[in-house]
*Asks:* 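Next up is a structure, given as structure tokens.
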Amino acid sequence: MSSGSVQDRLLERLGTIVGAGNLLTRDSRKDPYCTGFRFGSGSALAVVKPGSLLDIWRTLVACVEHDVIVVMQAANTGLTGGSTPNGDDYDRPVVVINTMRIGDIHVIDEGRQIIGLAGSTLFGLEKMLAPHGREPHSVIGSSCIGASIVGGICNNSGGALVQRGPAYTELSLFARIDENGGLELVNELGIELGDTPEEILRTLEERRYGDADVGFPEKRASDDEYTDRVRQIDSSEPARYNADGRRLHDSSGCAGKIAVFAVRLDTFPVPRERKVFYVGSNDPDVFGRIRRDVLSTFKSLPVSGEYIHRECYDLTKRYGKDTFLVIDKLGSEFIPKLFAFRRFTDRIARKVPFLPDTFTDLLMQFLSKCWPNHLPRRMEDFRDRYEHHWVIEMGDDGVDEARSYLEGLFQDVEGSFFECTDREARKALLHRFVAGTTLGRCHAINHKRYGGMMSMDIALPRNEHDWFETLPPELAELIEVKLYYGHLFCHVLHQNYIVKKGVDAEALRQRLLASFEARGAKYPAEHNVGHEYVAEETLRTFYRSLDPTNAFNPGIGQTSKLKNWR
């Protein structure tokens with residue numbers, strides 16, 4: 001029997017499971033699911049959009065029986081291409097399973113924990129927990145672009161909130177393929193759901209379990225050790241990074257090497273009071289001193305501490321303005337609709353010969369220029385006065401603690417601060433968040449005069465004093481644009497570069513990575529290896545243990561794409 005007829009039979013079977021409208025086989029319809037948010041793309045035989053957990057299971061059964069590769073995908077908001085196919089050099093056909101139709105969230109234990117199904121989002125969780133006076137693990141950044149709960153766990157994402165650390169749980173429901181190629185469903189949720197896969201999945205999704213079925217095993221539903229770890233400012237190891245073996249467990253850090261149906265996570269109480277302090281200085285050593293003082297002496301850890309360099313501030317003001325305005329005026333929930341509009345417009349533009357590939361970027365950039373300055377006056381004043389900016393959010397008792405400390409500090413050192421109004425606080429945090437979109441837009445608008453772009457996600461050792469990068473002249477002269485921002489209390493920095501025309505971006509990238517290694521840094525810190533970074537041996541061993549036949553997301557971390565890891 002020809003391979004074509006076998007694939008036709010698989011497609012027919014998949015269409016029966018999910019319905020013809022949820023089986024995408026035309027290139028134009030598959031493209032949004034086969035192209036990464038910022039990085040990577042590849043081809044797939046089909047994109048499947050199941051409508052239930054049982055549909056996911058039946059899809060997996062069909063894929064395993066037909067010996068095809070499975071790429072599990074949720075919101076596809078990752079920055080390193082890890083949730084899409086990458087290239088066309090796989091040894092088997094690829095099927096992408098997108099889970100975003102399955103977005104239910106179950107609140108348990110009076111709101112202290114939740115069960116997030118495969119396509120549930122952080123934004124949806126934030127709304128659901130608000131009446132309980134609780135918050136999800138992550139409320140900065142990713143929730144605004146529709147990122148999924150499960151995707152965050154699979155990719156060790158987050159960590160911006162100093163008191164909560166990276167996304168982590170030891171309680172999940174997932175499917176894996178064993179050494180003999182058999183598909184099995186593993187229930188580690190700590191909830192009695194039944195015996196067969198069909199019974200387990202129906203019971204969970206239809207919430208036919210009761211309080212008596214919910215156990216509380218000695219397993220973590222968050223990184224409850226992180227607050228102690230981040231305070232260890234004299235350690236030579238970073239506070240958090242993707243290949244940390246302490247936080248690789250089943251779904252946590254799996255990078256799509258298993259199919260995750262649901263995760264169980266802790267939630268956190270909302271602070272009674274919050275205050276944002278906007279801090280500026282021209283001396284990076286001042287920020288280094290603040291970091292060490294706060295982590296080692298404060299009784300209350302900050303909620304967050306978001307750093308942005310002046311150059312990044314300026315370019316984000318220019319190239320992130322449209323995203324800022326959409327979130328500020330229409331709300332976070334509109335961002336997925338904006339992305340859908342962009343995908344639709346890009347698809348149309350590619351069919352029109354005279355329209356540029358960057359048509360949507362050019363359109364959004366033009367429209368953003370029609371709006372007046374969107375940033376508060378005091379922020380703009382600090383931009384003119386200071387090179388380094390730090391948005392520090394404190395809660396409850398930490399508010400007075402920080403106010404007293406900063407007032408005393410800036411009597412003796414260079415720099416200043418102000419306490420944000422609610423409006424200023426919202427805009428300062430939002431401006432820092434949309435910095436993540438600046439690199440792609442800046443490059444798209446100016447690609448004819450720029451070379452390649454590089455996005456680095458670096459975890460510095462906790463005892464590093466020289467945290468701000470100073471490149472040697474021979475490297476600096478190769479770079480057109482440098483964008484520095486990150487989470488300074490945990491020493492995770494995002495260092496993005498656009499190189500000059502004609503520069504070998506990959507060669508420069510390797511030189512930069514070598515310089516990070518020489519400083520004892522780890523990378524990536526929180527975005528997962530995707531297809532952009534080489535996975536350390538700790539990760540490679542973990543991936544092999546989860547997926548011995550290499551059927552799920554092969555090639556991740558630049559590992560083998562071949563069956564059985566050949």
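All values below were derived from every heavy atom in this structure, side-chain atoms included, with hydrogens, water molecules and symmetry-related copies excluded. Please read these numbers as outputs of a predicted model, since none were measured by experiment.
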*Asks:* Is it true that Asp328 and Arg426 make a salt bridge, defined as a side-chain N closer than 4.0 Å to a carboxylate O?
*Replies:*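 Yes, Asp328 and Arg426 are salt-bridged.
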*Asks:* Can Glu532 and Arg509 be counted as an ion pair, charged N to O under 4.0 angstrom?
*Replies:*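 Answer for the salt bridge query: yes.
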*Asks:* Quick one: sort the His494 and His527 rings into parallel, tilted or perpendicular, breaks at 30° and 60°.
*Replies:*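 Geometry flag for His527 against His494: parallel rings.
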*Asks:* I'd like to know whether the aromatic ring centres of Tyr484 and Phe468 sit less than 6.0 Å apart in this structure.
*Replies:*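 Between Tyr484 and Phe468, the centre distance is under 6.0 Å.
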*Asks:* Less than 4.0 angstrom from a charged side-chain N to a carboxylate O is my criterion; do Glu424 and Arg378 meet it?
*Replies:*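 Looking at Arg378 together with Glu424, the answer is yes, because their closest N to O distance falls below 4.0 Å.
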*Asks:* Is the closest side-chain heavy-atom distance between Asn242 and Tyr533 below 4.5 Å?
*Replies:*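 With C-beta onward as the side chain, the pair stays apart.
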*Asks:* With no hydrogens and no angle check, just 3.5 Å: does a side-chain donor-acceptor pair link Tyr168 and Asp244?
*Replies:*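 There is no such pair between these side chains.
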*Asks:* Given the ring of Phe489, does Arg291 sit roughly above its face, with NZ or CZ under 6.0 Å from the centre of the six-membered ring and within 45° of the axis?
*Replies:*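 So Arg291 doesn't make the cation-pi contact.
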*Asks:* State whether a side-chain donor-acceptor pair under 3.5 Å links Glu387 with His309.
*Replies:*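 Present: a donor and an acceptor within the cut-off.
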*Asks:* Could you measure the distance from the CZ atom of Arg540 to the OG1 atom of Thr538? Nearest 0.5 Å is fine.
*Replies:*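 If we round to the nearest 0.5 Å, Arg540:CZ and Thr538:OG1 are 11.0 Å apart.
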*Asks:* Do Glu311 and Tyr313 get their side chains close enough for a donor-acceptor pair, meaning under 3.5 Å?
*Replies:*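 No, no side-chain donor-acceptor contact under 3.5 Å.
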*Asks:* If you measure only the distance, is there a donor-acceptor pair under 3.5 Å linking the side chains of His531 and Gln558?
*Replies:*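 On atom types as modelled, these side chains do not qualify, holding no pair under 3.5 Å.
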*Asks:* Looking at Gln163 and Pro302, would you say the former's side chain and the latter's main chain have a donor-acceptor pair under 3.5 Å?
*Replies:*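 Yes: the side chain of Gln163 pairs with the backbone of Pro302.
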*Asks:* Is it the case that more than 12 heavy atoms not belonging to Asp285 sit under 6.0 Å from its CG atom?
*Replies:*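 Yes, CG of Asp285 has more than 12 neighbouring heavy atoms, counting only those of other groups under 6.0 Å.
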*Asks:* Is there a donor in the side chain of Asn463 and an acceptor in the side chain of Ser235, or the other way round, less than 3.5 Å apart?
*Replies:*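 Per modelled atom types, Asn463 and Ser235 side chains form no pair under 3.5 Å.
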*Asks:* Any donor and acceptor pair, going by atom type alone, linking the side chain of Asn98 with main-chain N or O of Ala74 inside 3.5 Å?
*Replies:*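 Yes; judged by distance alone, with no hydrogens or angles, the pair exists.
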*Asks:* Is there side-chain contact between Val279 and Ile290, with heavy atoms separated by less than 4.5 Å?
*Replies:*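 Yes, their side chains come closer than 4.5 Å.
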*Asks:* Verify whether one side chain among Ser281 and Glu414 offers a donor that lies under 3.5 Å from an acceptor in the other.
*Replies:*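 Result is yes, a qualifying pair exists.
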*Asks:* Given Tyr307 and Trp467, is the ring-ring contact (aromatic ring centres under 6.0 Å, His included) satisfied, shown in steps?
*Replies:* CA-CA 12 Å; Tyr307 168 77; Trp467 62 271; 5.0 Å; yes
*Asks:* Identify whether the distance between the nearest side-chain nitrogen and carboxylate oxygen of Lys500 and Glu477 falls below 4.0 Å.
*Replies:*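 Here Lys500 does not pair with Glu477 in a salt bridge, since their nearest N and O are not under 4.0 Å apart.
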*Asks:* Check whether any side-chain heavy atom of Thr99 sits under 4.5 Å from a side-chain heavy atom of Met72, and report yes or no.
*Replies:*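 Yes, side chains in contact.
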*Asks:* Working to the nearest 0.5 Å, report the span between CG of Asn528 and CD1 of Ile556.
*Replies:*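 Between Asn528 CG and Ile556 CD1, I get 5.5 Å after rounding to 0.5 Å.
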*Asks:* In a check of ring pair (Phe, Tyr, Trp, His ring centres under 6.0 Å) between Phe418 and each of Tyr386, Phe410, Phe382, which one passes?
*Replies:*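 Of Tyr386, Phe410, Phe382, ring pair (Phe, Tyr, Trp, His ring centres under 6.0 Å) with Phe418 is met by Phe382 alone.
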*Asks:* When rounded to the nearest 0.5 angstrom, what is the spacing between CG in Leu483 and CE in Met456?
*Replies:*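 Between atom CG of Leu483 and atom CE of Met456 there are 13.0 Å.
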*Asks:* Answer yes when Arg441 and Asp361 have at least one side-chain N-carboxylate O distance shorter than 4.0 Å, and no when they do not.
*Replies:*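 Yes, charged N to carboxylate O under 4.0 Å.
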*Asks:* For the side chain of Lys30 and the backbone of Ala44, is there at least one donor-acceptor N/O pair under 3.5 Å apart?
*Replies:*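 Such a contact is found between Lys30 side chain and Ala44 backbone.
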*Asks:* Would you say Tyr33 and Asn76 are linked by a side-chain donor-acceptor pair, where the criterion is simply a distance under 3.5 Å?
*Replies:*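 Absent: no donor and acceptor within the cut-off.
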*Asks:* Between Arg247 and Asp223, is there a salt bridge with N-O shorter than 4.0 Å?
*Replies:*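 Yes, charged N to carboxylate O under 4.0 Å.
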*Asks:* Is Arg229 salt-bridged to Glu237, going by a charged N under 4.0 Å from an acidic O?
*Replies:*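 Answer for the salt bridge query: yes.
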*Asks:* Using 4.0 Å as the upper bound for N to carboxylate O, is an ion pair formed by Asp314 and Arg383?
*Replies:*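 Salt bridge: yes.
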*Asks:* Ignoring hydrogens and geometry beyond distance, is a side-chain donor-acceptor pair present between Tyr543 and Asn553 at under 3.5 Å?
*Replies:*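 Result is no, nothing qualifies.
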*Asks:* Compare all side-chain heavy atoms of Lys321 with those of Met364 and state whether any distance is below 4.5 angstrom.
*Replies:*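 Not touching, per the 4.5 Å side-chain cut-off.
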*Asks:* Hydrogens and angles aside, do Thr345 and Thr360 bring a side-chain donor and acceptor to less than 3.5 Å of each other?
*Replies:*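 No pair is found: no donor N or O on one side chain lies under 3.5 Å from an acceptor on the other.
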*Asks:* Determine, for Tyr90 and Lys561, whether the Lys NZ or Arg CZ falls below 6.0 Å from the six-membered ring centre while staying within 45 degrees of the axis.
*Replies:*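 The answer is yes; both the distance and angle limits are met.
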*Asks:* Looking at Arg385 and Asp381, is there a salt bridge between them, counting it only when a charged N and a carboxylate O are closer than 4.0 Å?
*Replies:*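 Looking at Asp381 and Arg385, the cut-off is met.
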*Asks:* Do the side chains of Lys501 and Glu480 get close enough for a salt bridge, i.e. N-O under 4.0 angstrom?
*Replies:*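 So Lys501 does not pair with Glu480 through a salt bridge.
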*Asks:* Determine whether a donor-acceptor pair (N or O, by modelled atom type, separation under 3.5 Å) exists between the side chain of His487 and the backbone of Ala160.
*Replies:*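 Not a single qualifying donor-acceptor pair exists.
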*Asks:* Does one side chain, of Glu380 or Asn373, offer a donor that lies under 3.5 Å from an acceptor on the other?
*Replies:*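 There is such a pair between these side chains.
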